[in-house]
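Read through the structure below, which is laid out as structure tokens, and then see the notes.
Whatever order the structure lists them in is the order used to number ligands and atoms, beginning at 1. Only this structure's heavy atoms are used, side chains among them; waters, hydrogens and symmetry mates stay out. Predicted model only: the values in this text are computed from it and were never measured.
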Amino acid sequence: MSGSSIGVLFKVTTWGESHGPAIGAIVEGCPSGIDLIAEDIQKALDRRRPGRIASSSPRKEEDAVKILSGTFQGKTTGTPISLIIENRDVNSSAYEDIKDIFRPGQGDYTYFKKYGIRDYRGGGRASGRETAARVAAGAIAGKIISKEGMEVIAYTKALGGIAIKLKGDAAKKISHKNIAGSTLMCPDPDAAKEMEAKLEKARRSGDSLGGIVEIIVRGCPPGLGEPVFDKMDADLAGALMGIGTVKGVEIGAGFKVAEMTGSQANDPITPEGFLSNHAGGILAGITTGQDIVIRVACKPISSIAKVQQTIDVQGKPVELSIKGRHDVSVIPRIITVCEAMVSIILADHLLRQKATAHE
Ligand SMILES: Cc1cc2nc3c(=O)[nH]c(=O)nc-3n(C[C@H](O)[C@H](O)[C@H](O)COP(=O)(O)O)c2cc1C
């Protein structure tokens, strides 16, 4: 299946389906000599796993990653790194009843129209399970960019219409540490409580919720991004839009710029630096050296217990209530996936910049 790779110099290919024997990633272009053992990748995978909260999928996967190639004595060798994660807790029986029925909001209808064949077991390649392979590859990208002082942090900004209320300094201090203790990876404990109650209500009523994830990149040097078709903002948006449930990507002031005047939207430049960051750390597709700020809008999980109208493969109308093991919201599980995709794009652009940088 084409469309399974991303990146130019740092290139990631994912493979595998939700209910196949395993999923994995191949990472090409990783520089040699980087410390890398399976535990480094495992830490990132453990943050993505289902089971942090009652509203996440009850599927119990260990997500134990194995490095099959590309390292020797704990260091990368510069050859392709192959990663494998076995699917252990596979139970396709819940999908037997819907094997000829298209779930509204899922990829069932479009995959069938495109490929003419239906892997109905757990959503196949369209499943959130595929994103474990992205997170594994993203952990390697994270190693490359952190050597240059970059840090990528994503967190829950809103869930089910409840937004965090942090402002000023509290917002600036958001870190991996202060979201680590939150089951929803949300830095505002009061908002998180409200979100959890709303999630539980949605779960009980057989429904689901969407939300907003904000991603901040700190320590990014100026000069990354390749105009005109591989601008940093274009590549970040593409990488994030490629995650299931993501329906919108905003950078900096995002859609608000449409309501601003030029004098409000411009970030004044002084000898000490920029005075604001409406551009979200990117101008003309090239990083400015400020924080990169991105938000993604995630739709509610489509597989819900509430009765919905749909059709079967013969086009006959059917009423559907979905059983099976599903998340109630993609938040917080999508957070590490967002970090991974952003890290992959940054690692690729860092290597591209190093290859072509001016003296
Ligand atoms: C981490 C993660 C977990 C997901 N879990 C589920 C799930 O449990 N049930 C489901 O129907 N969709 C789930 N999805 C969403 C589907 O992958 C996605 O809705 C589907 O591929 C259709 O793509 P679209 O929503 O971008 O249109 C998940 C997505 C991610 C990223």
Would you mind reporting whether Ile215 and Leu240 have side-chain heavy atoms less than 4.5 Å apart? yes
Ion pair check, Asp63 and Arg129, cut-off under 4.0 Å: yes
When you pair each N or O of ligand 1 with protein N or O atoms, which pairs come out under 3.5 Å?
residue: ligand 1; atom: 5 (N); partner: Asp327; partner atom: OD2; Å: 2.8
residue: ligand 1; atom: 8 (O); partner: Asp327; partner atom: N; Å: 2.9
residue: ligand 1; atom: 8 (O); partner: Asp327; partner atom: OD2; Å: 3.3
residue: ligand 1; atom: 9 (N); partner: His326; partner atom: ND1; Å: 2.8
residue: ligand 1; atom: 11 (O); partner: Gln106; partner atom: NE2; Å: 3.0
residue: ligand 1; atom: 11 (O); partner: Ser303; partner atom: OG; Å: 2.5
residue: ligand 1; atom: 12 (N); partner: Gln106; partner atom: NE2; Å: 3.2
residue: ligand 1; atom: 17 (O); partner: Ala126; partner atom: O; Å: 2.7
residue: ligand 1; atom: 21 (O); partner: Ala126; partner atom: O; Å: 2.7
residue: ligand 1; atom: 25 (O); partner: Thr245; partner atom: N; Å: 3.1
residue: ligand 1; atom: 25 (O); partner: Lys299; partner atom: NZ; Å: 2.9
residue: ligand 1; atom: 26 (O); partner: Thr245; partner atom: N; Å: 3.0
residue: ligand 1; atom: 27 (O); partner: Lys299; partner atom: NZ; Å: 3.3

Distance from Lys157 atom NZ to Glu214 atom CD, nearest 0.5 Å? 4.0 Å
Checking Arg125 side chain against Glu130 main chain: does a donor-acceptor pair fall under 3.5 Å? no
Does Asp40 use its side chain to pair, donor to acceptor, with the backbone of Ile37 at less than 3.5 Å? yes
Heavy-atom donor-acceptor pair, Thr71 side chain to Gly74 backbone, under 3.5 Å: no
